[in-house]
Participant: 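After the structure tokens below, expect a handful of questions from me.
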Amino acid sequence: MKIEATKIKEWCDANLSPVAWQRIAVKVSPQFRGTGIKLGDLLNPTDAVLLDDQGYKIIKSAVEETYNVSIAITV
């Protein structure tokens with residue numbers, strides 16, 4: 001499964017806060033080293049930034065840890 005990072009960003013903006021995505025992106029960026037996804041790609045994702053299952057799990061875990069909520073996105 002691949003999910004667009006923009007969908008998660010939009011969900012965070014709508015359901016958490018306008019700066020939630022930036023906070024999550026900075027938090028998880030070290031875990032994306034070596035994947036080809038850089039901090040700039042996370043901060044301002046395009047539809048071309050696709051997350052695999054592992055990338056999605058990293059972000060989902062960071063959201064749960066930081067905001068105590070689960071991401072609710074329909075793929």
Participant: On a heavy-atom basis, which atom in Tyr67 and which in Ser17 lie closest, and how many Å separate them?
Facilitator: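 Smallest heavy-atom distance, with atoms named: OH-OG, 4.5 Å.
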Participant: When you group the ILVMFWY residues by side-chain heavy-atom contacts below 4.5 Å and let the links chain together, are Leu51 and Val28 in the same group?
Facilitator: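 Linked, Val28 and Leu51 end up in one cluster.
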Participant: Once you round to the nearest 0.5 Å, how far does OG of Ser70 lie from CD of Glu64?
Facilitator: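 Answer for the OG-CD pair, Ser70 versus Glu64, is 4.0 Å.
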Participant: If we ignore angles and hydrogens, is there a donor and acceptor under 3.5 Å between the side chains of Thr66 and Lys27?
Facilitator: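 Judged by distance alone, the side chains do pair up.
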Participant: Give, for atom OG1 of Thr6 and atom CG of Leu50, the distance between the pair rounded to the nearest 0.5 Å.
Facilitator: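 Atom-to-atom, Thr6:OG1 and Leu50:CG are 8.5 Å apart.
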Participant: For the hydrophobic clusters of this structure (ILVMFWY residues joined by side-chain heavy atoms under 4.5 Å, transitively), does one cluster hold both Ile8 and Leu43?
Facilitator: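 Per the 4.5 Å side-chain linkage, Ile8 and Leu43 are not co-clustered.
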Participant: How long is the straight-line distance from NZ of Lys7 back to SG of Cys12, given to the nearest 0.5 Å?
Facilitator: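 Taking SG in Cys12 and NZ in Lys7, the distance rounds to 14.0 Å.
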Participant: Transitively linked via ILVMFWY side-chain contacts under 4.5 Å: Val69 with Ile73?
Facilitator: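 Looking at the clustering, Ile73 is in the same group as Val69.
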Participant: Can a donor-acceptor pair be found, under 3.5 Å and without considering hydrogens, that links the side chain of Thr35 to the backbone of Phe32?
Facilitator: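 Yes; at least one donor-acceptor contact below 3.5 Å.
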Participant: Please check this pair: side chain of Asp41 against backbone of Ile37, looking for a donor-acceptor N/O pair closer than 3.5 Å.
Facilitator: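 The answer is no, because no donor-acceptor pair under 3.5 Å joins these two groups.
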Participant: Under the salt bridge (charged side-chain N to carboxylate O under 4.0 Å, His left out) test, which residues partner Asp13, sequence neighbours left out?
Facilitator: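 Partners of Asp13 by the salt bridge (charged side-chain N to carboxylate O under 4.0 Å, His left out) criterion, ordered by chain and then number, come out as Lys9.
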Participant: Where the side chain of Ser29 meets the backbone of Val26, is there a donor-acceptor pair that is under 3.5 Å apart?
Facilitator: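 Indeed, once roles are kept as given, a pair shorter than 3.5 Å links the two residues.
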Participant: Go through it in stages, so that I can follow the logic: the residues are Tyr56 and Lys2, the test is side chain to side chain contact (heavy atoms under 4.5 Å, CB included), and I'd like the CA-CA distance, side-chain angles, deciding distance and then a yes or no.
Facilitator: CA-CA 8 Å; Tyr56 178 71; Lys2 297 272 186 178; over 6 Å; no
Participant: Look up atom CG in Asn15 and atom CD in Glu10, then write down how far apart they are to the nearest 0.5 Å.
Facilitator: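 Asn15 CG to Glu10 CD: 11.0 Å, rounded to 0.5 Å.
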Participant: About how many Å separate CD1 of Ile24 and CD of Glu65, when rounded to the nearest 0.5 Å?
Facilitator: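 If we round to the nearest 0.5 Å, Glu65:CD and Ile24:CD1 are 8.5 Å apart.
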Participant: CH2 of Trp21 to CG of Asn44: how many Å apart, nearest 0.5 Å?
Facilitator: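 Taking CH2 in Trp21 and CG in Asn44, the distance rounds to 10.5 Å.
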Participant: Group every Ile, Leu, Val, Met, Phe, Trp and Tyr by side-chain heavy-atom contacts under 4.5 Å, then state whether Leu16 and Ile58 land in the same group.
Facilitator: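 Same cluster: Leu16 reaches Ile58 through Ile, Leu, Val, Met, Phe, Trp or Tyr contacts under 4.5 Å.
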